[in-house]
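Indexing begins at 1, ligand by ligand and atom by atom, following the structure's order.
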Amino acid sequence: MPTFESPVLYSFRRCPYAMRARLGLASSKQQVELREVVLREKPAEMIAASPKATVPVLVLSDGAVIDESYDIMRWALSQNDPEGLRDYTEDTLIRIDELVAESDGPFKSALDRYKYPNRYEDITREEQRELGAAFMQKLDKMLDGQSFLFGDRFSFADAAILPFVRQFAHVDRDWFWADEWSNVIRWLEAFLESERFKGIMMKYPQWKSGEDGIPFGK
Ligand SMILES: N[C@@H](CCC(=O)N[C@@H](CS)C(=O)NCC(=O)O)C(=O)O
């Protein structure tokens, strides 16, 4: 097994799954070697580590591989969680998992179909947008009177879900910003303007085999 000085993260800047992994790693201050991937030219090293070949992939110093974004967040925050992103009661952590599962499941499905309706049969863009809108209404209620989904501080749930809400908002900005989820809009705008978000959206050149990646996360 190869060994690395720090874990290696295969990442793609615009991928919402990779964004949530970078948010978790940055908050936990875990230094990784970031290797920026171009999806149509995935590096052989990444595919060897994780044959399912989706980003993000984290290869730990002992060669262990974590290739689900949510698991990368959990790993990072189990190492160190100085902001308390997972510092909640067991009951709340279960509610966070349920909300993320709803976002990753039905909401992501509606988002993909709303964004790329021609790739799917027997759906309409409008009906899929309405399904996404129902999730926005739910989040809007949760955000009523508080800055973040589970109170007044940024949590694991905000990090896991915001990159997908950003994508939903950007499909048709005029429509999204005209709608009635003002709490969601405030929450999203604050995130997009935050140093936290800017810090994980730096542009890096494509990583090539044999090169050093970019130190990220500390
Ligand atoms: N369940 C995976 C999903 C990751 C995923 O689907 N990533 C996309 C990019 S956003 C990908 O790599 N797709 C493969 C491809 O486009 O070739 C996770 O949470 O990490």
Task: Minimum-distance protein heavy atom relative to atom 16 (O) of ligand 1 - done: L39 CD1, 3.6 Å

Task: Residue M201 excluded, over 12 heavy atoms near CE under 6.0 Å - done: yes

Open item on the list: Students should be able to answer this: which protein heavy-atom is nearest to atom 13 (N) of ligand 1, and at what distance?
Closed with: T54 CG2, 4.1 Å

- [ ] Look at atom 7 (N) of ligand 1 and find which of D104, V55, D71 reaches it with the closest heavy atom.
- [x] V55

Open item on the list: If I take atom OG1 from residue T124 and atom CZ from residue R113, how far apart are they, to the nearest 0.5 angstrom?
Closed with: 12.0 Å

TODO: Examine F12 and Y116 and state if one hydrophobic cluster contains both, with Ile, Leu, Val, Met, Phe, Trp and Tyr joined whenever side-chain heavy atoms are less than 4.5 Å apart.
DONE: no

Open item on the list: Starting from W175, can I reach L131 by hopping between I/L/V/M/F/W/Y residues whose side chains sit under 4.5 Å apart?
Closed with: no

TODO: Could you say whether the N/O atoms of S69 and ligand 1 ever approach to under 3.5 Å?
DONE: yes

Task: Y17/F164 aromatic ring centres below 6.0 Å - done: yes

Task: Per-atom contacts, ligand 1 versus P56 - under 4.0 Å to a heavy atom - done: 20 (O)

Open item on the list: Under a 4.0 Å threshold between the charged nitrogen and the carboxylate oxygen, would E45 count as salt-bridged to R35?
Closed with: no

Open item on the list: Quick test: of every protein heavy atom, which one is nearest to atom 9 (C) of ligand 1, and how far off is it to 0.1 Å?
Closed with: C15 SG, 3.4 Å

- [ ] Do me a favour and list the nearest non-hydrogen protein atom to atom 1 (N) of ligand 1 with residue, atom name and distance?
- [x] E68 OE1, 2.7 Å

Task: Donor-acceptor side-chain pairing of E83 and S27 below 3.5 angstrom - done: yes

Task: Geometric N/O contact K42 with ligand 1, under 3.5 angstrom - done: yes

Open item on the list: If you measure every N or O of P16 against every N or O of ligand 1, does any of those distances drop under 3.5 Å?
Closed with: no

Task: Taking atom 5 (C) of ligand 1 as the reference point, the nearest protein heavy atom with its distance - done: Y17 CD1, 3.4 Å

